[in-house]
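See below for the structure under consideration.
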Amino acid sequence: MSDGFLGMTDDTKSSIKKTWANFSEKQEDMYELGIPMFEKLFELKPETKKLFHFDETNPERWAKVKAHVKLLFDTMGFSISMIDDQAAVTPIIVDLGTRHFYYGVNQNFYLVFGECLVHAITVALGDSFTEEDKTAFMTFYHWIGGCIVKGMSIESYKK
């Protein structure tokens with residue numbers, strides 16, 4: 001995995017910025033935008049529920065997930081705002097991976113998580129989220145995920 005923005009042309013960056021702006025403005029409550037992402041994650045990888053202490057029977061079951069959505073979306077927004085200065089944002093994202101290692105996150109969750117994020121954006125934006133936009137966003141997500149996995153790998157070697 002690379003720290004570089006492989007395939008990150010100016011058009012790709014523009015698409016990512018446009019997509020995130022449209023996604024961010026879609027609803028007043030950004031937390032709700034993340035629910036389809038985690039519903040899909042829990043469907044595809046049910047073992048991830050334990051990371052969020054997700055209890056199907058608890059009426060407050062989405063509370064911790066929504067708190068995580070805020071952190072996730074804030075990080076995505078920050079990373080997208082820094083898309084033209086990857087050298088500045090890379091160590092921050094790698095450090096995030098380091099922390100996720102200690103949360104018990106499995107590196108294999110990151111590809112599925114990217115698919116789930118694209119699912120949430122698709123739910124929010126519908127047909128305005130084109131195949132080109134999806135490809136651009138996944139290019140960006142693969143870079144983010146690669147940085148996180150790098151941080152997790154660094155910590156796993158220390159153990």
### Message
Once rounded to the nearest 0.5 Å, what's the spacing between atom OG of Ser128 and atom CD1 of Ile121?
### Response
10.5 Å
### Message
When you compare the side chain of Thr19 with that of Lys134, does any pair of heavy atoms fall below 4.5 Å?
### Response
no
### Message
Give me the atom names and distance for the closest heavy-atom approach of Lys40 to Cys116.
### Response
CG-SG, 3.6 Å
### Task
Quick one: sort the Trp143 and Phe140 rings into parallel, tilted or perpendicular, breaks at 30° and 60°.
tilted
### Query
So, Phe23 versus Phe129, ring centres under 6.0 angstrom or not?
no
### Message
Going by side-chain hydrogen bond (donor to acceptor under 3.5 Å, both in side chains), name the pairs with one or both residues in residues 106-119, residues two or more places apart or in two chains.
### Response
Asn106-Asn108, Gln107-Ser153
In a table with atom names and distances, give each donor-acceptor pair under 3.5 Å that connects a side chain of residues 41-53 to protein atoms at least two apart or in another chain.
from: Thr48; atom 1: OG1; to: Lys45; atom 2: O; distance (Å): 2.7
from: Lys49; atom 1: NZ; to: Glu56; atom 2: OE2; distance (Å): 2.3

### Query
Quick check: does any side chain N or O of Ser14 sit under 3.5 Å from a backbone N or O of Asp11, one acting as donor and the other as acceptor?
no
#### Entry: Distance-only polar pair, side chains of Asp133 and Thr130, donor-acceptor under 3.5 Å
yes
### Query
Are Tyr103 and Val112 linked, directly or through other ILVMFWY residues, by side chains that come within less than 4.5 angstrom of each other?
yes
### Residue pairs, two or more places apart or on separate chains, that pass salt bridge (Lys or Arg N to Asp or Glu O under 4.0 Å) and touch residues 67-82
Lys70-Asp74
### Lys66 NZ to Ile35 CD1 distance, which is reported to the nearest 0.5 Å
5.0 Å
### Ile92 and Met82: CA distance, side-chain angles, deciding distance, side-chain contact (heavy atoms from CB on, under 4.5 Å) verdict
CA-CA 11 Å; Ile92 296 166; Met82 299 290 291; over 6 Å; no
### Message
ring pair (Phe, Tyr, Trp, His ring centres under 6.0 Å) for Phe38 and Phe54? Distances and angles first, verdict last.
### Response
CA-CA 11 Å; Phe38 280 91; Phe54 191 82; 9.1 Å; no
### Minimum heavy-atom distance between Thr57 and Asp55, given as atom pair plus value
OG1-OD1, 2.7 Å
### Query
When you measure from the side chain of Ser24 to the backbone N and O of Trp20, does any donor-acceptor pair fall under 3.5 Å?
yes
#### Entry: salt bridge (charged side-chain N to carboxylate O under 4.0 Å, His left out) between Lys150 and Asp95, intermediate numbers included
CA-CA 9 Å; Lys150 179 179 179 177; Asp95 182 61; over 6 Å; no
### Heavy-atom pair with the smallest gap, counting every atom of Thr75 and Ile93
CG2-CD1, 3.8 Å
### Query
Going only through I, L, V, M, F, W and Y residues with side-chain contacts under 4.5 Å, is there a path from Phe113 to Leu111?
no
